[in-house]
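First comes the structure, then the notes that go with it.
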Amino acid sequence: MLALGKLLELTLAGHEPSSKIQLTPDGTRLRWLAEGALEVTPAVARDTGLDLLLSAGIHGNETAPIELLDRLLRSIARNELQPHVRLLFLFGNPMAMRRGERFVEQDINRLFNGRHELSSGGEAMRACELEHLAATFFGDPGRSRLHYDLHTAIRASKIEQFALYPWAEGRQQSRRECARLNAAGIEAVLLQNTPSTTFSAYSYTQLGAEAFTLELGKARPFGENQPGSLERLEQRLCAIIEGCEPQDEAGLAGLKLFAVAREVIKHSDAFTLHLPADIENFSELPPGYLLAEDLASSRWVVEEQGARIIFPNPRVHNGQRAGILIVPAEASRLA
């Protein structure tokens, strides 16, 4: 196997490869760009015109997606998986990956869309570098662009695998892309309706890519992930990479769609979230439920029918989101 196929090993060891470019027997080129960053270019005759960015490890303790990208890249390096698309593999936060922690100083996934310019430190610098790598990769306006940023969640979830679909002014979210996720085993899609500072939001709003944050189960240490839990997604990614993606007849059948009703923002140290510490993502909350309080004037009371909570976290910094209240959405919202 080509040494560059061991990008995860190189990244965890903090090593820079001596050879930056390698070729597989079928003419696929692997090129090391920076720490945790590898570009894969197919032979010209096989190129279908798609640029696919696959990122994981934005949070260093979310290992199942990291292991998934490692398997794909090793298969390419062994010439078992023969790409028909351009690929960029990114391990987002090598510092946190080496420590087995979510982040070192601050959450990188709150530092995109220019937010890193208002901060400092290693993770702010890394967010800037990741933006540059993505922008360079998606530099050809004549090619299709797709970005999957792969994550696992801090807490358990009533819906195990789901996607967050970013929002951009004047752009409608795609029915075709949601159907593709449905075929890949994603059970639900959250249609966002406000700007965001995540990596996928940067690719979607600034680079014109179809982009998603994929939540793929619960965060576990390396080697402790459930075998086969990402099998459908892995099979779909292999099909996309090899240019043999099947036509999907199911469409959106069975896929749950949600929309953001409100974000719960923590304003001060007086913030209180009135939820059990072990509450699962997508737990339903009845109308009238007192969700959170902050200072004397801020109260969040559930008013929406069918409301559910995702990403509740009262320990975020002041000014950051401490939870999202979501409601069921109709497929008519998709283009």
Please confirm whether the backbone N or O of A56 pairs with a side-chain atom of E62, one donor and one acceptor, at under 3.5 Å? no
Identify each donor-acceptor pair in which a side-chain atom of residues 5-18 lies under 3.5 Å from a protein atom, sequence neighbours left out, and give them as a table.
residue : atom : partner : partner atom : Å
E9      : OE2  : R74     : NH2          : 2.7
T11     : OG1  : L7      : O            : 2.7
E16     : OE2  : K20     : NZ           : 3.1

Assigning hydrophobic clusters by single linkage (Ile, Leu, Val, Met, Phe, Trp, Tyr; side-chain heavy-atom cutoff under 4.5 Å), is I279 placed with F258? no
Between D149 and N109, what is the shortest heavy-atom contact and its length? OD2-OD1, 4.1 Å
Under 3.5 Å, is there a donor-acceptor pair linking the side chains of H116 and E131? yes
Please list, chain by chain and in numerical order, all residues satisfying ring-ring contact (aromatic ring centres under 6.0 Å, His included) with F112, sequence neighbours excluded. F199
When every non-hydrogen atom of L252 is compared with those of C178, the smallest separation belongs to CD2-CB, 3.7 Å
E105 side chain vs S120 backbone, donor-acceptor pair below 3.5 Å: no
L146 vs S203 side-chain heavy atoms within contact, under 4.5 Å: no
Check for me, please, whether I326 and W300 land in the same ILVMFWY cluster - side-chain distances under 4.5 Å, paths through other members count. no
Please collect all ring-ring contact (aromatic ring centres under 6.0 Å, His included) contacts where either partner lies in residues 36-62, sequence neighbours excluded, each pair once. H59-H151
Test of understanding: with side-chain contact (heavy atoms from CB on, under 4.5 Å), list the residues that count as partners of Q22, not counting sequence neighbours. L2, A3, L4, S19
Return the CG to CZ distance between L290 and R299, rounded to the nearest 0.5 Å. 5.0 Å
Would you say the side chain of V316 lies within less than 4.5 Å of the side chain of R321, judging by non-hydrogen atoms? no
Output, in order, the C-alpha distance, side-chain angles, deciding distance and verdict of side chain to side chain contact (heavy atoms under 4.5 Å, CB included) for Y289 and L275. CA-CA 10 Å; Y289 186 90; L275 292 171; 3.7 Å; yes
With a 4.5 Å cut-off on side-chain heavy atoms, are T213 and L190 touching? no
Transitively linked via ILVMFWY side-chain contacts under 4.5 Å: L52 with L181? yes
M125, CE atom: more than 12 neighbouring heavy atoms under 6.0 Å: no
If you draw a 6.0 Å radius around NE2 in H267, do more than 12 non-hydrogen atoms from other residues or ligands fall strictly inside? yes
With side chains defined as the heavy atoms from C-beta onward, is the minimum distance between L69 and L72 less than 4.5 Å? yes
Neighbour count >12 (heavy atoms, 6.0 Å) for atom CD, Q172: yes
Just list the side-chain donor-acceptor pairs under 3.5 Å for residues 79-93, sequence neighbours left out, or say none.
residue : atom : partner : partner atom : Å
E80     : OE1  : R78     : NE           : 3.3
E80     : OE1  : R78     : NH2          : 3.4
E80     : OE2  : R78     : NE           : 3.1
H84     : ND1  : Q82     : O            : 3.1
H84     : ND1  : E242    : O            : 3.1
R86     : NH1  : D51     : OD1          : 3.0
R86     : NH1  : D51     : OD2          : 3.0
R86     : NH1  : F137    : O            : 3.1
R86     : NH2  : E39     : OE2          : 3.0
N93     : OD1  : A96     : N            : 3.2
N93     : ND2  : E123    : OE2          : 2.9

Residue pair L53 / A134: nearest heavy atoms and the distance that separates them: CD1-CB, 3.7 Å
Does any N or O in the side chain of R115 come within less than 3.5 Å of the main-chain N or O of S196, such that one atom is a donor and the other an acceptor? no
CE/M95 to CD/E101 distance, rounded to the nearest 0.5 angstrom? 11.0 Å
Is there a side-chain contact between K256 and F282, using heavy atoms and a 4.5 Å cut-off? no
Please determine whether salt bridge (charged side-chain N to carboxylate O under 4.0 Å, His left out) holds for the pair R126 and E129, giving the CA-CA distance in whole Å, both sets of side-chain angles, and the decisive distance to 0.1 Å. CA-CA 5 Å; R126 181 61 172 175; E129 182 179 34; 2.7 Å; yes
Within the supplied structure, the quantity of interest is the number of heavy atoms (other residues, nucleotides, ligands) at a distance under 6.0 Å from R99 CZ; does it exceed 12? no
Quick check on the hydrophobic clustering: are Y148 and F138 connected, directly or via other members, by side-chain heavy-atom contacts under 4.5 Å? no
Does either side chain, that of Q106 or that of S119, offer a donor lying less than 3.5 Å from an acceptor on the other one? yes
Presence of salt bridge, R110 and D107, under 4.0 angstrom: yes
To the nearest 0.5 Å, what is the distance between CG on L237 and CG on L68? 6.0 Å
To the nearest 0.5 Å, what is the distance between OG (S75) and CD1 (I241)? 9.0 Å
Tell me whether L216 shares a hydrophobic cluster with L54, the cluster being built from Ile, Leu, Val, Met, Phe, Trp, Tyr side chains joined at under 4.5 Å. yes
Taking all heavy atoms of A292 and all of V264, pick out the closest pair and write down the distance. CB-CG1, 4.0 Å
Run the side-chain hydrogen bond (donor to acceptor under 3.5 Å, both in side chains) test on S200 and H147 for me, step by step, so that the C-alpha distance in whole Å, both residues' side-chain angles and the decisive distance to 0.1 Å come before the verdict. CA-CA 7 Å; S200 64; H147 177 195; over 6 Å; no
Can you give the donor-acceptor pairs under 3.5 Å from side chains of residues 158-171 to other protein atoms, not counting sequence neighbours?
residue : atom : partner : partner atom : Å
K158    : NZ   : E280    : OE1          : 3.1
Q161    : NE2  : S229    : O            : 2.7
Y165    : OH   : S174    : N            : 2.8
Y165    : OH   : E210    : OE1          : 2.6
R171    : NH1  : Y204    : O            : 2.7
R171    : NH1  : A209    : O            : 3.4
R171    : NH2  : G208    : O            : 3.4
R171    : NH2  : A209    : O            : 3.0

Closest heavy-atom contact between G60 and I66? O-CD1, 4.3 Å
Do L325 and L285 make a side-chain contact, defined as non-hydrogen atoms from C-beta onward lying under 4.5 Å apart? yes
Any side-chain heavy atom of R46 sitting closer than 4.5 Å to one from D26? yes
Taking the side chain as C-beta and beyond, is there a heavy-atom pair between I240 and R180 under 4.5 Å? yes
Smallest heavy-atom separation, L150 atom then P65 atom, equals CB-CB, 3.4 Å
Distance check, rounded to the nearest 0.5 Å: R145 atom CZ versus L207 atom CG? 6.5 Å
Could you tell me the separation between the CG atom of N61 and the CZ atom of R220, rounded to the nearest 0.5 Å? 12.0 Å
